[in-house]
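Working notes, structure below.
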Protein chains: 2
Amino acid sequence: MATLSEVARLAGVTTATVSNVLRNPGKVRPATVARVEAAIAQLGYRPNLMARALARGKSCMVALVLPSITNPFYPELVRVAERVARQRKYFLMVCNTDEDPEIGHAYLNQIAGTLADGVLVLHMGMATEVIEELRGRHAPIVLASEEFEDFSDGLPHVIVNFRRAGQVAAEHLLKLGHRKIGVIVGRGLEGMQHLRLEGFKHALLDAGVAFDESCVQCVLDTVPGGYQATSSLLSTHPDMTAIFATNDLLAFGASQALADRGIRIPGDISLIGITDIQLAQQMRPALTTVALHIQEIAKISINLLLDLIENPGHQPILVRAPEPELVVRASTSSLRRGHLHRG
Amino acid sequence: MATLSEVARLAGVTTATVSNVLRNPGKVRPATVARVEAAIAQLGYRPNLMARALARGKSCMVALVLPSITNPFYPELVRVAERVARQRKYFLMVCNTDEDPEIGHAYLNQIAGTLADGVLVLHMGMATEVIEELRGRHAPIVLASEEFEDFSDGLPHVIVNFRRAGQVAAEHLLKLGHRKIGVIVGRGLEGMQHLRLEGFKHALLDAGVAFDESCVQCVLDTVPGGYQATSSLLSTHPDMTAIFATNDLLAFGASQALADRGIRIPGDISLIGITDIQLAQQMRPALTTVALHIQEIAKISINLLLDLIENPGHQPILVRAPEPELVVRASTSSLRRGHLHRG
DNA sequence: ACACCAGATTTAAACGCTTAAATGCGGGCA
DNA sequence: TGCCCGCATTTAAGCGTTTAAATCTGGTGT
């Protein structure tokens, strides 16, 4: 692997000149530029990014720490974040913790500030411990997550209004006449989807509808989790007419459980999720859900992080993601008589 | 951010000693170790991985270049590869090209050998140009892909027997009595799934069944692609009794198209895919498919790459992934009379 | 013909760490 | 008491860049 100095020797100049050819071609005489470029081509030289990073004190890499790479929410977000980062001349390192706080801890500890210029932590479902780890880091760190009073100080923060999302979902179901609603809450490792549930409860309260805690199933944030939760709900509350899942993946699991029992959606039971991942519109029936605007979250977060890196203002910054928005598809319908007598 | 020399000064030793405490604690007197460790703790020192990489000529990072992060096949593979890499003390950089050869080119050009100690390229569906780019690189590179005579020289290579996968799928359908079979072939950017089709044709030939080229739809490797292909097939070949999709994502799209028309699976049309991503068993009806053993592919590939990095034997190595295996679920059934008269 | 100046190039230090080789130190042995 | 040796530590060079400051060059103005 050729180095700068080999190029310099071949071109009959010093490394400083070669470096300038690479970075400020304007400062070098055209004839020299040509000579150097010829040498570069001849040797197949490519700059060593490690050395460059060390010399410049900047690696142009940012890390994206997320709890689960197989949950499609994240890849959809990663894709956009990566594109934005690339446009701004940064590499994105994707770090998957698999919901293991140890791993998250290790990544943050090792990478932040020593390999990456900054870190974007997707907190959704991520363990609290990991977040705690972030305080006192010097490298720019941006958190995208639910609104947590405890965290909102100290760290730049992109806030997603999950509470509102739960509320929107509830309002939709209420408007359709549903009263007996099963709830499936994802918990990741640390029970992080409570706000969605709170928003949901809040809407019921506002409508004067009693909320039955026994209708809540709290499960792992996966398709099988949703399946299992639905099975439980069906056995304990056979009279429910709708299911609210705190995210689309759980809702997908729910739809399977219903399909396996020959229960029709939305004919027998309506189903609503949150997030609007691609799968939501691909399910059959297509899933009614509350869109969180994944792409916007990705853009806002990564841009905030890069802004902070390039222009370190010390004050933590809070940015709000777009408001959640109801997307009505085919999995919900008005309550009709007969519902209550199915079970 | 504290540096080695600050730690050294605080502990009253030189940087060499601190470095040794970090890397060969055996070589340092216990009392000194304690003193240095105290200094490290006091300053919150964490080694700069860039500097370390530069000094050692090894970054302990490997890149994983893949064509699409939103195709669930890849996240499932990434997850395993990352775990293995972590166990072997490497970081995994995930690089998504979004099927854009330019991006793949840029990643390989910039990262291989200058940031990462090695690169694992998942060729499935990746552009030929990108592969060409790999020749003549000095950094270890491993390719996981279909068997290509053109590529098998020159590069270490994990070979997945896609041809056999297509064959297995066809044999299954033939055994069930299907003769009019629609085919959906994914093409990524470069028409890379031909081998699966060839295997399929081969099996038909062996069974003495004529193959109708007009039954083949070639589409983008996505859910909507599968949907669209199925719609076309239904209009041109209403009498088909089965659909073979070259991967599960396409099959998922197909299942939607069928559902939207009230066509039952497998009652009216049988459906088979390839890969066995998680979605396959989560679909309803669950998808019959040919398992490629994603996790095994991931393990084999990443281990090969790391072996090559740690122990550079110059000769290219070919490794075979496990043979594809039929997984029968609910989306296929024997041909029954009445099929031919539906359309 | 001279001093001056801008532009082009070089010098040399720095980035934070590693590592082979050199040094210093104290104890065991004769 | 003096020598040798092994252990612990330091020295110093090197990894491949960048970059501010220094140097050199030739052309300009007078």
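Treat the numbers as computed from the prediction; the structure is a model and nothing was measured. Below, chains carry the letters A, B, ... as their sequence lines are ordered, and counting in each starts from 1.
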Tell me the interatomic distance from [X], atom [atom1], to [N], atom [atom2], rounded to whole angstroms.
| X | N | atom1 | atom2 | answer |
| --- | --- | --- | --- | --- |
| B:L54 | C:dT19 | CG | P | 12 Å |
| B:K27 | C:dT18 | NZ | P | 15 Å |
| B:R56 | C:dG16 | CZ | P | 18 Å |
| B:M1 | C:dC15 | CE | C1' | 15 Å |
| A:R35 | C:dA8 | CZ | C1' | 11 Å |
| B:E6 | C:dC15 | CD | C1' | 13 Å |
| A:N20 | C:dG7 | CG | P | 15 Å |

With nearest nucleotide decided by heavy atoms, which residue, A:G12 or B:S5, maps closer to the 5′ end of DNA chain C? A:G12
Which residue lies more 5' along DNA chain C, comparing B:R23 with A:A55 via nearest heavy atoms: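 Its nucleotide being nearer the 5' end, the pick is A:A55.
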Quick one: closest heavy-atom pair of A:P75 and B:I69, and the distance? CB-O, 3.4 Å
Anything under 4.0 Å to a heavy atom of chain B counts; send over the first and last such nucleotide of DNA chain D, read 5' to 3'.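 The footprint of chain B covers D:dA8 to D:dG16.
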Look at all strands and tell whether [X] reaches a base, only sugar-phosphate, or nothing, counting heavy atoms closer than 4.0 Å.
| X | result |
| --- | --- |
| B:T17 | base |
| A:S19 | base |
| A:V13 | sugar-phosphate |

Measure the shortest side-chain to side-chain distance between [X] and [Y] over non-hydrogen atoms and say whether it is less than 4.5 angstrom.
| X | Y | answer |
| --- | --- | --- |
| A:L120 | A:I302 | yes |
| B:H157 | B:I317 | no |
| A:V121 | A:L108 | yes |

Closest-nucleotide mapping onto DNA chain D: is A:A51 or A:N24 further toward the 5' terminus? I mean the 5' end. A:A51
Side-chain N or O of A:T14 closer than 4.0 Å to phosphate OP1/OP2 of C:dT10: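 So the side chain of A:T14 is within the cut-off, an N or O lying under 4.0 Å from OP1 or OP2 of C:dT10.
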Under 4.0 angstrom between A:R29 side-chain N/O and C:dA8 OP1 or OP2: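 False: A:R29 side-chain N/O out of range (4.0 Å or more) of C:dA8 OP1/OP2.
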